[in-house]
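Read the structure below first, then the notes.
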Amino acid sequence: MANIPIIALFCFTIFVSSSLKFVYGAENMTYVVVGHVYCDTCRVEFETKLSEPISGAVVKLECRNRTNEAITFQSQEIVADGFGDYHITVEGDYEESDCNVALVRSPRADCSDPTEAWRKSRVVLTTFDGLSGKLRFVNNLGFKKDIALPQCTRILQEMGYYELSQEAGDFSPSSKL
Ligand SMILES: *[C@@H]1O[C@H](CO)[C@@H](O)[C@H](O)[C@H]1NC(C)=O
Ligand SMILES: *[C@@H]1O[C@H](CO)[C@@H](O)[C@H](O)[C@H]1NC(C)=O
């Protein structure tokens with residue numbers, strides 16, 4: 001018997017919180033966009049255990065209207081902390097926009113070339129598509145090191161990548177490209 005009031009309370013809570021959301025509007029939502037910047041020390045376009053956080057890396061969040069490409073939100077340049085982590089606070093709802101965090105620059109002269117794959121990453125800043133919560137996580141973004149670390153060969157072998165990449169001709173521990 002005790003179950004019924006609990007269910008009723010539960011439904012009521014859901015009802016109240018969704019009405020509040022309706023009343024106050026998603027326009028008033030504050031999102032916290034969270035991400036990380038690393039140095040791809042093996043020049044492989046993905047993270048390995050040799051990847052290093054880039055303290056002081058600079059990123060920027062930009063949203064553009066999906067229809068006419070007009071900028072709907074632009075953050076200031078955001079600097080990653082000592083762990084390569086950053087957060088960006090955004091107010092409003094960007095259901096009709098495509099939002100991306102992009103690398104701007106790296107403070108490391110030896111690791112300042114944005115990776116092709118992870119120079120920018122999409123982030124969803126709306127609750128209309130079923131995502132709730134104010135924290136929004138961005139895929140880690142990476143700059144490529146100028147010369148791969150010598151240990152990369154062993155690490156990539158362990159990961160089972162070495163032969164594959166060599167065949168494709170895009171990995172060589174000593175080459176610059
Ligand atoms: C956002 O919230 C503030 C108060 O917190 C209110 O004054 C304002 O009208 C709200 N804006 C919208 C668009 O709902
Ligand atoms: C996006 O652009 C379209 C077409 O110009 C316009 O109708 C719409 O209001 C814009 N949306 C936002 C959120 O600016």
Side-chain angles (χ1 to χ4, degrees), residues 30-66 69 71-91 94 97-127 129-177:
T30 300
Y31 296 103
V32 180
V33 175
V34 178
H36 175 80
V37 183
Y38 65 92
C39 177
D40 170 16
T41 55
C42 292
R43 301 181 52 81
V44 284
E45 300 270 342
F46 52 81
E47 278 187 277
T48 67
K49 56 181 161 187
L50 295 177
S51 295
E52 295 160 2
I54 302 185
S55 164
V58 180
V59 299
K60 194 169 183 172
L61 170 65
E62 197 173 270
C63 299
R64 284 175 182 270
N65 182 324
R66 203 167 288 142
E69 306 258 295
I71 292 174
T72 51
F73 177 83
Q74 212 169 17
S75 75
Q76 290 181 305
E77 294 190 343
I78 305 292
V79 181
D81 66 15
F83 303 101
D85 298 328
Y86 63 83
H87 67 269
I88 308 171
T89 305
V90 190
E91 275 177 30
Y94 295 90
S97 296
D98 283 325
C99 298
N100 285 284
V101 177
L103 294 173
V104 176
R105 65 182 165 273
S106 164
R108 274 181 64 170
D110 68 331
C111 196
S112 57
D113 186 17
T115 56
E116 285 302 318
W118 297 113
R119 60 172 64 227
K120 68 174 190 175
S121 181
R122 186 147 185 258
V123 57
V124 173
L125 297 178
T126 179
T127 51
D129 65 354
L131 272 179
S132 62
K134 55 182 254 167
L135 269 187
R136 297 296 160 99
F137 295 94
V138 183
N139 288 318
N140 294 350
L141 299 176
F143 287 99
K144 252 190 294 203
K145 195 172 173 314
D146 51 1
I147 300 168
L149 297 174
Q151 310 92 286
C152 288
T153 308
R154 185 174 49 80
I155 294 300
L156 293 172
Q157 259 166 349
E158 279 172 22
M159 293 172 78
Y161 274 102
Y162 189 65
E163 281 167 55
L164 191 77
S165 313
Q166 270 219 324
E167 273 167 31
D170 59 5
F171 175 76
S172 162
S174 56
S175 82
K176 277 212 76 166
L177 203 110

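Values reported hereafter were calculated over all heavy atoms of this structure, with side chains retained and with hydrogens, waters and symmetry mates removed.
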Roughly how far, to the nearest 0.5 Å, is CZ of R43 from CG of D146?
7.5 Å

With sequence neighbours left out, what residues match Y86 under ring pair (Phe, Tyr, Trp, His ring centres under 6.0 Å)?
none

Output for pair (Q74 CD, C99 SG), nearest 0.5 Å, gives 11.5 Å

Which residue in the set Q157, E158, Q151 passes side-chain hydrogen bond (donor to acceptor under 3.5 Å, both in side chains) when paired with R154?
E158

Can you name the closest pair of heavy atoms from T72 and N65 and give their distance?
CG2-N, 3.8 Å

Minimal non-hydrogen separation, P114 against K144, with atom names
O-CE, 4.3 Å

Close side-chain approach of K145 to E52, heavy-atom, < 4.5 Å:
no

Does L141 reach the side chain of S121, with side-chain heavy atoms less than 4.5 Å apart?
yes

Could you list all the side-chain hydrogen bond (donor to acceptor under 3.5 Å, both in side chains) pairs where at least one residue sits in residues 33-42, not counting sequence neighbours?
H36-D85

Given side chains that start at C-beta, do those of L61 and L125 come closer than 4.5 Å, heavy atoms only?
yes

Just jot down the side-chain hydrogen bond (donor to acceptor under 3.5 Å, both in side chains) partners of R66, sequence neighbours excluded, or say none.
D98

With a 6.0 Å cut-off (strictly less than), is the heavy-atom count around CD of E77, excluding the residue itself, greater than 12?
yes

Okay, side chain of R108, backbone of G56: is any donor-acceptor separation there less than 3.5 Å?
no

If you look at every heavy atom in S106 and C111, which pair is closest and at what distance?
OG-O, 2.7 Å

How would you list, by chain and number, every residue that makes a side-chain hydrogen bond (donor to acceptor under 3.5 Å, both in side chains) with R64, sequence neighbours excluded?
E62

Inter-residue atom distance I88.CD1 - R136.CZ, 0.5 Å rounding
14.0 Å

For V123, run the side chain to side chain contact (heavy atoms under 4.5 Å, CB included) check against N139, V33, N100, V34 and tell me which one passes.
V33

I need the minimum non-hydrogen distance between S55 and G82, along with the two atoms involved.
OG-CA, 3.6 Å

Test side-chain contact (heavy atoms from CB on, under 4.5 Å) on T127 and Y31; report intermediate values, then the result.
CA-CA 10 Å; T127 51; Y31 296 103; 3.5 Å; yes

I'd like to check the ring pair (Phe, Tyr, Trp, His ring centres under 6.0 Å) partners of F73; sequence neighbours left out, ordered by chain and number.
Y94

Say whether, by atom type as modelled, one donor and one acceptor occur between the side chain of T115 and the main chain of E45 under 3.5 angstrom.
no

Between the side chain of R105 and the main-chain N/O of S112, is any donor-acceptor distance below 3.5 Å?
no

Counterpart residues, side-chain hydrogen bond (donor to acceptor under 3.5 Å, both in side chains), relative to D113 (two or more places apart):
none

I'd like to know if the side chain of T48 and the backbone of L50 have a donor-acceptor N/O pair within less than 3.5 Å.
yes

Validation row: W118, N140 side chains within 4.5 angstrom (heavy atoms)
no

Atom SG of C42 and atom CG of L156: how far apart are they, to the nearest 0.5 Å?
5.0 Å

